[in-house]
Protein chains: 2
Amino acid sequence: MQSKPPTIKDIAKKLHLSVSTVSRALRNVPDINPETKRNILELAEELNYQPNKLARSLRQNQTNTIGVIVPNLDYVISTMVKGIDEAALEAGFTVIVCQSNESFGREVVNTRRMLNSLVDGFIISISSETKSNEHFKVLQEREIPMVVFDRVIPDILASSVILDNEEGGFIATEHLIEQGYRKIAILAGPKTLGISNSRFKGYQKALKKHNIKFDPELVVHCDFNQDFAFFATEELLSSKKRPDAIFTISDRMAIGAMLAIKNKGLKMPEEIGLVGFNNEPSLALFTPSISSVEQPSFEIGKMAGKIFIEQFLNTSFSDIREEVLKPKLCIRESSMRKI
Amino acid sequence: MQSKPPTIKDIAKKLHLSVSTVSRALRNVPDINPETKRNILELAEELNYQPNKLARSLRQNQTNTIGVIVPNLDYVISTMVKGIDEAALEAGFTVIVCQSNESFGREVVNTRRMLNSLVDGFIISISSETKSNEHFKVLQEREIPMVVFDRVIPDILASSVILDNEEGGFIATEHLIEQGYRKIAILAGPKTLGISNSRFKGYQKALKKHNIKFDPELVVHCDFNQDFAFFATEELLSSKKRPDAIFTISDRMAIGAMLAIKNKGLKMPEEIGLVGFNNEPSLALFTPSISSVEQPSFEIGKMAGKIFIEQFLNTSFSDIREEVLKPKLCIRESSMRKI
DNA sequence: ATCGTTTCCGGAATCGTTACCGGAAATAAT
DNA sequence: ATTATTTCCGGTAACGATTCCGGAAACGAT
């Protein structure tokens with residue numbers, strides 16, 4: 001009994017019209033008698049007609065779909081994706097999300113697969129492995145719209161929406177300094193990532209401003225990973241130069257650090273301070289609750305989406321935009337030594 | 001300078017062949033001279049030819065894409081989706097994920113939109129609002145393959161993969177009983193959801209087995225929501241019949257409950273026990289760490305994916321399968337009163 | 001009455017691919 | 001040598017929509 005979904009042809013036949021007339025009625029174009037249009041729309045409604053998107057996209061060479069490529073779907077990024085989603089929805093676009101799982105290979109594959117006429121363009125946050133940008137240059141040659149966000153791609157001509165990561169590193173560090181901490185360690189992320197370096201730079205800037213000598217031994221580069229952070233912290237705590245505060249550039253790392261601190265039996269915030277980055281909701285639930293740098297994730301995503309749409313609709317060559325949004329410090333128990 | 005991507009036609013023209021020959025070479029079909037096939041493949045490689053999926057899908061009336069509709073992307077469900085992803089990848093399928101955000105309306109819309117020739121079938125976990133299943137009956141009439149998982153749809157003929165939720169409720173409750181708790185409250189989810197009721201049933205069964213009288217006042221139905229759970233727990237704790245243990249059917253609710261318990265100044269697990277459901281990773285990080293029922297999420301997803309593929313490839317009418325996987329209790333500090 | 005303009009519609013090409021049919025050439029069988 | 005069978009390839013019609021072109025009918029103006 002399986003009946004195929006009705007097509008434009010079925011409607012045309014039943015009303016003794018041509019497919020072109022039906023097509024005109026179904027879209028919002030002139031050159032159509034209001035009455036016949038009404039008839040067509042009625043029958044379409046009755047048959048529950050739904051246009052075949054494949055056919056339309058094939059013909060129009062346009063899919064009204066944005067390909068979003070992200071390294072993972074953690075709290076921050078999934079919030080950003082929601083922002084993209086909202087911007088897309090408002091413009092009648094659909095979003096397809098692909099995780100690269102921090103793998104360069106999958107990033108390349110995903111880009112290629114989506115490019116096969118599935119999407120009109122891309123909104124991208126690169127994987128931590130990604131160093132080359134060859135696979136994106138192909139897109140540029142074909143003039144396929146592209147916006148990068150969060151983790152941007154160096155040396156590529158595309159609009160970008162990012163957090164002011166340097167500012168984030170700065171306010172976190174300065175806050176610790178103001179709370180009286182002096183030997184502040186940083187758990188920085190992988191050196192390959194721009195966001196790591198920017199946050200690290202902000203850290204250094206804050207130290208300099210307050211005349212605290214920068215000590216390279218208090219810097220640990222490790223993966224965005226709770227376990228790595230745990231071990232790194234253990235090592236820091238048992239070294240001669242035991243820090244009296246730790247700034248981690250992600251919350252996962254902050255949690256790892258906290259576990260190590262608890263293990264060591266140190267009191268927080270009295271003996272050691274801690275500030276994370278991202279402000280994931282669970283931070284408020286720990287004892288002590290953990291301070292963190294909050295970023296406007298949803299807004300970043302939404303802005304990326306809006307810029308994409310804008311550039312897509314602008315047939316004329318639109319300008320490259322670089323949006324930088326400001327972070328905000330969220331102070332909790334883990335770093336509140338002074339009342 | 002934007003050059004359109006090469007098509008099968010371009011290849012044909014350059015090699016003075018017909019498109020049908022090229023098409024044959026590009027697929028794995030006989031009726032082709034090995035040498036010409038080699039030539040074609042070489043040129044395709046050189047031009048970096050990628051088949052246009054839209055055209056292929058339009059022609060074949062098949063997209064090799066599975067539409068996955070979920071109420072949200074929390075820890076458990078996103079793990080399940082990863083399982084689906086893996087099964088799909090192995091079979092050469094792509095997955096498109098859509099969140100209904102627990103809204104019936106969006107579920108219907110998403111289903112309809114995806115159905116417009118974007119997907120070959122569905123793997124679904126319904127929203128908590130969903131009561132009617134009309135929008136799925138349409139799928140059945142068109143014989144569109146469909147597998148339900150996690151939260152199943154009542155009264156519909158489709159294969160399903162779920163957790164043994166009754167067993168989950170049972171082992172959690174029995175564990176609390178074995179730890180000496182007697183007045184065990186349950187924060188059950190929305191009454192509309194099958195999983196709520198099953199877990200509740202398991203709870204009752206455990207009480208009965210151990211000859212503990214069931215007390216309806218210790219049952220609270222509320223949303224899967226940390227705040228609701230917080231207030232519900234506050235109320236429970238200040239009532240005459242203050243419970244000495246709480247079983248929540250989700251971890252979010254467990255966290256809410258724990259906050260209320262801490263607020264009240266009760267000692268855990270000495271004065272009150274707590275067991276959650278889902279075993280989210282953060283549970284281990286709280287003090288005290290929270291016990292929870294773990295489900296094999298990835299396996300559930302992967303099995304759903306496999307069954308889908310199987311049914312899709314089986315043109316003959318395949319059997320309805322009902323897979324029920326077993327949960328596992330993960331005991332932590334929040335419920336360990338006896339050593 | 002003639003010509004020009006609108007208004008409205010149909011025909012046909014097109015998007016890139018696959019599927020079916022048939023036919024020429026080469027090979028095998030009688 | 002004739003027939004039968006492979007082997008390999010081309011032509012063409014789909015799939016379902018959009019788009020361009022042109023033309024018939026209706027209307028208006030002179």
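Reminder, nothing fancy here: chain letters follow the sequence lines and each chain counts from 1.
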Please give, in whole Å, the distance from [N] [atom2] to [X] [atom1]?
| X | N | atom1 | atom2 | answer |
| --- | --- | --- | --- | --- |
| A:Asn52 | D:dG16 | CG | C1' | 5 Å |
| A:Ile11 | D:dT18 | CD1 | P | 11 Å |
| A:Asn61 | D:dA17 | CG | P | 18 Å |
| B:Lys13 | D:dG10 | NZ | P | 15 Å |
| A:Lys4 | D:dA14 | NZ | C1' | 10 Å |
| A:Ile8 | D:dC15 | CD1 | P | 14 Å |
| B:Arg56 | D:dG16 | CZ | C1' | 18 Å |

### Task
Could you tell me from which nucleotide to which nucleotide of DNA chain C, 5' to 3', there is an atom under 4.0 Å from chain A heavy atoms?
C:dC8 to C:dG16
Is [X] touching bases, backbone alone, or none of the nucleic acid, heavy atoms closer than 4.0 Å?
| X | answer |
| --- | --- |
| B:Leu17 | sugar-phosphate |
| B:Ser57 | nothing |
| A:Lys9 | sugar-phosphate |

### Message
Let me test you: for the helix from C:dA1-D:dT30 to C:dT30-D:dA1, what is the angle between the axes at its two ends (five pairs each), rounded to 10 degrees?
### Response
50°
Please confirm whether the shortest side-chain N or O distance from [X] to OP1 or OP2 of [N] is below 4.0 Å.
| X | N | result |
| --- | --- | --- |
| B:Ser20 | D:dT12 | no |
| A:Gln60 | D:dA17 | no |
| B:Arg59 | D:dA14 | no |

With a 3.5 Å cut-off and no angle check, do the side chains of [X] and [Y] form a donor-acceptor pair?
| X | Y | result |
| --- | --- | --- |
| A:Arg56 | A:Thr63 | no |
| A:Thr21 | A:Ser18 | yes |
| A:Ser159 | A:Gln311 | yes |
| A:Gln62 | A:Ser57 | no |
| A:Glu102 | A:Ser127 | no |

Sub-4.5 Å side-chain heavy-atom contact between [X] and [Y]:
| X | Y | answer |
| --- | --- | --- |
| A:Leu115 | A:Arg142 | yes |
| B:Leu41 | B:Leu26 | yes |
| A:Phe149 | A:Val70 | yes |

### Query
Of B:Ser23 and A:His16, whose nearest nucleotide on DNA chain C comes first from the 5' end?
A:His16
### Summary
Output for pair (A:Ile77 CD1, A:Ser125 OG), nearest 0.5 Å, gives 5.0 Å
### Task
Go through the steps to decide whether B:Phe136 and B:Phe122 satisfy the test ring pair (Phe, Tyr, Trp, His ring centres under 6.0 Å), and finish with yes or no.
CA-CA 10 Å; B:Phe136 296 130; B:Phe122 292 90; 7.8 Å; no
#### Entry: Position toward the 5' end of DNA chain D (nearest nucleotide), B:Val22 or A:Thr7
B:Val22
#### Entry: Salt bridge B:Lys306-B:Glu310, side-chain N to carboxylate O under 4.0 Å
no
### Query
Out of D:dC15, D:dA17, D:dG10, which nucleotide sits closest to the side chain of B:Leu58?
D:dC15
### Summary
Between B:Ser160 and the options B:Arg151, B:Glu323, B:Glu322, the side-chain contact (heavy atoms from CB on, under 4.5 Å) test singles out B:Glu322
### Stretch residues 26-34 of chain B: residues that reach within less than 4.0 Å of DNA chain D through a heavy atom
B:Asp31, B:Ile32, B:Asn33, B:Pro34
